[in-house]
Engineer: 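Handing you this structure, nothing more for now.
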Number of protein chains: 2
Amino acid sequence: MALKPLGLGLASRRVLSDVVTDDLRDAIISHDLEPGRRIAEDELALQMGVSRGPIREALMRLDREGLVTIERHKGARVASWNDTDIQEIYSMRSALEVLAIEWACKNATSSDLKAMEEILSTYNKLSEKQRTPREVSRLDLEFHTALFAAAHHERLFKTWEVLRSQIHAFLVYTWSQDGKINKVFLPKWGPDHAVFIEVIRNKQISKAKETVLGHVERGLARVATHFIEEPKPKKKVAKR
Amino acid sequence: MALKPLGLGLASRRVLSDVVTDDLRDAIISHDLEPGRRIAEDELALQMGVSRGPIREALMRLDREGLVTIERHKGARVASWNDTDIQEIYSMRSALEVLAIEWACKNATSSDLKAMEEILSTYNKLSEKQRTPREVSRLDLEFHTALFAAAHHERLFKTWEVLRSQIHAFLVYTWSQDGKINKVFLPKWGPDHAVFIEVIRNKQISKAKETVLGHVERGLARVATHFIEEPKPKKKVAKR
DNA sequence: TGCTCTATTGTTGTTTACAAACAACAGTTT
DNA sequence: AAACTGTTGTTTGTAAACAACAATAGAGCA
């Protein structure tokens with residue numbers, strides 16, 4: 001059984017369905033499993049060396065996260081994205097992040113701010129070569145996750161986690177396809193996010209909201225161009 | 001096996017875990033299962049005449065909906081509410097409904113508007129006696145669900161469904177405890193919601209947003225008073 | 001050739017049985 | 001009396017077998 005013996009210091013004991021969920025999520029985000037691909041419980045169970053129980057549980061969770069789509073009696077497939085999805089995701093993100101930064105202004109502790117600063121400084125320490133799409137998108141989402149954590153709003157955080165998975169799923173892929181966007185975007189990443197910390201610390205709620213809105217909208221603009229070119233990600237019926 | 005042979009005309013075939021989920025949800029919302037109550041899989045399985053599989057699935061879904069809380073190796077209990085929860089829920093609701101009505105202004109079809117009007121007229125046809133807290137809260141949530149449907153925003157709708165369950169879970173209970181609030185609230189319900197339909201039809205986005213914001217905030221004010229009196233819903237360790 | 005019906009096959013839904021984790025208790029030791 | 005330790009009982013996590021459903025291919029017929 002493929003249990004990782006000693007991973008990070010985890011709060012609650014890891015259980016098989018957790019392992020399966022995380023592995024599957026990684027596989028989807030890294031596009032090892034292409035969008036539209038069918039996932040049979042039996043096949044996956046055999047491949048991962050566990051029974052179907054934990055697999056079913058993992059698939060249900062990923063369905064909730066929007067990374068797979070389960071149809072009754074028909075099974076699961078990896079979710080695929082079109083421009084409508086992008087519009088939905090980013091409009092949700094705007095609404096949620098505005099709420100998040102509002103609550104963060106009220107509730108953020110100094111350790112919350114410190115956590116955000118550390119992510120920022122981690123980014124600044126990266127060399128140009130280390131700033132791969134994969135790594136930057138990871139740090140980007142980590143930063144925003146820290147923002148949501150600073151809001152101290154349980155339901156908001158859970159909702160963000162769902163959205164984050166979906167964003168992650170197409171962000172790595174999208175960015176890695178576009179060299180020139182990265183050229184203009186990467187240098188601005190640091191200063192851009194430094195503003196977040198500042199407005200939260202000073203509790204400038206209305207300015208904070210504006211900052212977030214602009215930020216998310218620029219993010220959408222970068223991503224959207226990709227999904228106009230690629231008209232309809234035709235559902236490919238993938239064979240194993 | 002306790003399958004309801006012919007329920008409503010359902011789109012996809014109902015499966016055991018669906019039945020269990022719906023029954024359990026109803027039981028929680030109607031307070032047949034009091035907040036904090038322990039739910040053992042075996043016990044429930046025996047009681048409903050199904051095996052633990054569907055039960056587990058149902059509990060996981062209701063955990064996602066926020067109606068039960070699952071702790072690893074410790075099982076599930078019915079969620080309980082305090083004033084912090086109320087603040088979280090209503091702040092989320094504001095953000096979501098503003099987004100919803102914005103999208104509804106852009107995307108609502110005439111049949112969407114008709115659906116909302118019909119709920120309104122159903123309400124108006126109710127006699128005073130029929131306007132029980134249970135019935136009114138059901139219609140209220142149905143109306144707002146119609147609003148979210150009119151937005152034609154899949155992810156927004158799913159997020160609303162989660163929130164709706166939670167609201168429903170304490171709304172029936174809260175309202176049924178307070179006679180005088182209903183006296184001033186019920187007569188205004190109809191006109192209040194009629195405005196929604198009007199601003200959507202005329203696509204008055206900014207006015208629509210204001211309308212929604214005020215509406216939700218008044219809702220919060222009504223509910224919040226209840227949770228100030230009742231300081232801490234002590235976790236009662238309920239025996240069966 | 002084209003259609004319908006049936007049988008087959010592969011997949012998911014459900015059940016049952018077993019293993020592991022946790023919680024409560026009793027007995028022992030200090 | 002208090003704290004530790006081993007045991008027992010209850011409950012969840014996992015596995016494997018069985019049943020039901022959906023899709024498909026092929027036989028039979030017009």
Engineer: Check whether any side-chain N or O of Asp26(B) sits under 3.5 Å from a backbone N or O of Asp23(B) as a donor-acceptor pair, and report yes or no.
Structural biologist: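 Not at all, since once roles are kept as given, no pair shorter than 3.5 Å links the two residues.
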Engineer: How many whole angstroms separate atom CG of Asp18(B) from atom P of dC21(D)?
Structural biologist: 14 Å
Engineer: Carefully, step by step, assess Met116(B) and Leu120(B) under the rule side-chain contact (heavy atoms from CB on, under 4.5 Å).
Structural biologist: CA-CA 6 Å; Met116(B) 297 170 75; Leu120(B) 200 58; over 6 Å; no
Engineer: Please give, in whole Å, the distance from dC22(C) C1' to Arg72(B) CZ?
Structural biologist: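 Rounded to the whole Å, the gap is 14 Å.
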Engineer: Please indicate whether Glu135(A) has more than 12 foreign heavy atoms, meaning atoms of other residues, nucleotides or ligands, lying under 6.0 Å from its CD.
Structural biologist: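 Yes.
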Engineer: Looking only at the side chain of His73(B) (C-beta and beyond, no hydrogens), which of the listed nucleotides dT14(C), dG13(D), dT11(D) gets closest?
Structural biologist: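 From the listed options, dG13(D) comes nearest.
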Engineer: Verify whether one side chain among Ser137(A) and Asp140(A) offers a donor that lies under 3.5 Å from an acceptor in the other.
Structural biologist: no
Engineer: Of the options dT12(D), dT11(C), dG13(D), whose atoms approach the side-chain atoms of Asp42(B) most closely?
Structural biologist: dT12(D)
Engineer: What's the CD1-C1' distance between Ile70(B) and dG13(D), to the nearest Å?
Structural biologist: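 Distance check: Ile70(B) CD1 to dG13(D) C1' gives 13 Å.
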Engineer: Give the rounded distance in Å between these two atoms: CD of Glu71(A) and C1' of dT11(C).
Structural biologist: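 For the pair Glu71(A) CD and dT11(C) C1', the rounded distance is 14 Å.
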Engineer: Base, sugar-phosphate, or nothing for Gly53(B), non-hydrogen atoms under 4.0 angstrom?
Structural biologist: base
Engineer: Taking the side chain of Arg38(B) as its heavy atoms from C-beta onward, which of dT15(C), dG13(D), dT12(D) lies nearest to it?
Structural biologist: dT12(D)
Engineer: So what does Ile39(A) hit on the nucleic acid, given a heavy-atom distance under 4.0 Å: a base, only sugar-phosphate, or nothing?
Structural biologist: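 Contact class for Ile39(A): sugar-phosphate only.
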Engineer: For the pair made of CZ in Arg77(A) and C1' in dA22(D), what is the distance, rounded to whole Å?
Structural biologist: 14 Å
Engineer: What is the distance, rounded to the nearest whole Å, between atom CD of Glu41(A) and atom C1' of dT14(D)?
Structural biologist: 15 Å
Engineer: Look at the side-chain N and O atoms of Arg14(B) and state whether any lies under 4.0 Å from the OP1 or OP2 oxygen of dC21(D).
Structural biologist: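 No.
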Engineer: So, does Lys74(B) get its side chain near the phosphate of dA23(C), meaning an N or O under 4.0 Å from OP1 or OP2?
Structural biologist: yes
Engineer: Without decimals, in angstroms, what is the distance between Glu57(A) CD and dG13(C) C1'?
Structural biologist: 15 Å
Engineer: Any idea which of dT14(C), dG13(D), dT12(C) is nearest the Ser17(B) side chain?
Structural biologist: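 My answer, after comparing the listed nucleotides, is dT14(C).
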Engineer: Ignoring backbone atoms, test whether Arg52(A) places a side-chain nitrogen or oxygen under 4.0 Å from the OP1 or OP2 oxygen of dC18(D).
Structural biologist: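 For dC18(D), OP1/OP2 do not have a side-chain N/O of Arg52(A) under 4.0 Å.
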Engineer: Does a side chain donor of either Asp18(B) or Thr21(B) reach within less than 3.5 Å of an acceptor in the other side chain?
Structural biologist: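 No.
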Engineer: Can you figure out which of dT11(C), dT15(C), dG13(D) approaches the side chain of Leu16(B) most closely?
Structural biologist: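 Within the option list, the nearest is dT15(C).
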Engineer: Rounded to whole angstrom units, what separation is found between the CD atom of Glu43(B) and the P atom of dG9(D)?
Structural biologist: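 Roughly 20 Å, once rounded to whole Å.
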Engineer: It should be established whether Arg56(B) places a side-chain nitrogen or oxygen under 4.0 Å from OP1 or OP2 of nucleotide dG13(D).
Structural biologist: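 True: Arg56(B) side-chain N/O within range (under 4.0 Å) of dG13(D) OP1/OP2.
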Engineer: Would you say dT14(D) has OP1 or OP2 under 4.0 Å from some side-chain N or O of Ser51(A)?
Structural biologist: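 No, because none of the side-chain N or O atoms of Ser51(A) sits under 4.0 Å from OP1 or OP2 of dT14(D).
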